[in-house]
Amino acid sequence: MIRRRLPSRLAACLLALLSQAAHAAPQFTLRGVFEQGAVVYGHADPAASVSLDGRKLLLTASGDFVFGFDRDAGPDAELRVSQPGQGEVARHYVVRKHAWSIQRIQGLPPELVTPPPEVQERIAAEARLIAAAHARDTPIDDFLQKFMWPAQGRVSGIFGSQRILNGQPKQPHYGVDVAVPTGTPVHAPAGGIVALAEPDLYFTGGTVIVDHGHGLSSVVVHLSRLMVHQGDRVQRGQVIALSGMTGRATGPHVHWGVYWFGAHVDAQRLAGAMPGGR
Ligand SMILES: [Zn+2]
């Protein structure tokens, strides 16, 4: 009698445990790798509260969220997910290190490698404008779109390389460069709201920042002509500017950078290989 009842009791207990576990663990999924320069997309119950390293993340109405890892992020990250009435799950991840290359550029005008003292104030004011644009946490879901290259051509500079300008080590290259002639149409890599449109910044010349929502933004620089204004709503693929070589550029190209708030991430990972294998 006892022998026959035990297995069914055991099964009932197991079932209860399993359903309890499924109930207690907030369900979320992640797409992407935990690596320097990478972007990770997540999905959770829209009512969940999600944070990465203490920063609370916006969720779309469907429960989508995004975060990214700076070129120098790490060595680990903590993701916390909780749903109303349920426990919180904290997961620790190792952020994989990436071996970045070294890029040497010679022959730059000396005043662009070491800006003269009289422009320091201008540079600081422009840095504040750019930082404010990257700090936006806008509840639009364009960040979920598949990103496209703002221009097509030969990739002449990659993300993350340490730059040595005229022999002086400088900040890493935080974008991907596409060599195209001046006047080439530059497309919005994804939809969003124009967070900054400045025709003449000291380092980057003609500069447009598109806010794709949830902290993810694109910057395109060295532009010869801007075709949008701050506050404009733009669609993926819309022509937002013409390329050029304004600011600190050694030749005509489009520099495209992607940010998750202040974190520099690799735009190339979002757009995939350049069409035509260039
Ligand atoms: Zn560049």
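Quick note: residue numbers are just sequence positions, from 1. Counting convention: from 1, in listed order, for ligands and their atoms alike.
Aromatic ring centres of H173 and F159: separated by at least 6.0 Å.
The existence of a salt bridge linking R233 and D142 is confirmed by a sub-4.0 Å separation between a basic side-chain nitrogen and an acidic carboxylate oxygen.
Residue contacts to the Zn ion (ligand 1): H222 brings no N, O or S atom closer than 2.8 Å. Among the atoms of H253, none of the N, O or S atoms falls under 2.8 Å from the Zn ion (ligand 1).
H255 contributes ND1 and D177 contributes OD1; the angle these two atoms make at the Zn ion (ligand 1) is 110°, rounded to 10°.
F34 and Y93 have parallel rings, their planes meeting at less than 30° on a 0 to 90° scale where 60° marks the start of perpendicular.
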Which atom pairs, one a donor and one an acceptor, fall under 3.5 Å between side chains of residues 181-203 and the rest of the protein, sequence neighbours left out?
| unit_1 | atom_1 | unit_2 | atom_2 | d |
| --- | --- | --- | --- | --- |
| T184 | OG1 | P181 | O | 2.6 |
| H187 | ND1 | G237 | O | 2.7 |
| Y202 | OH | E111 | O | 3.0 |

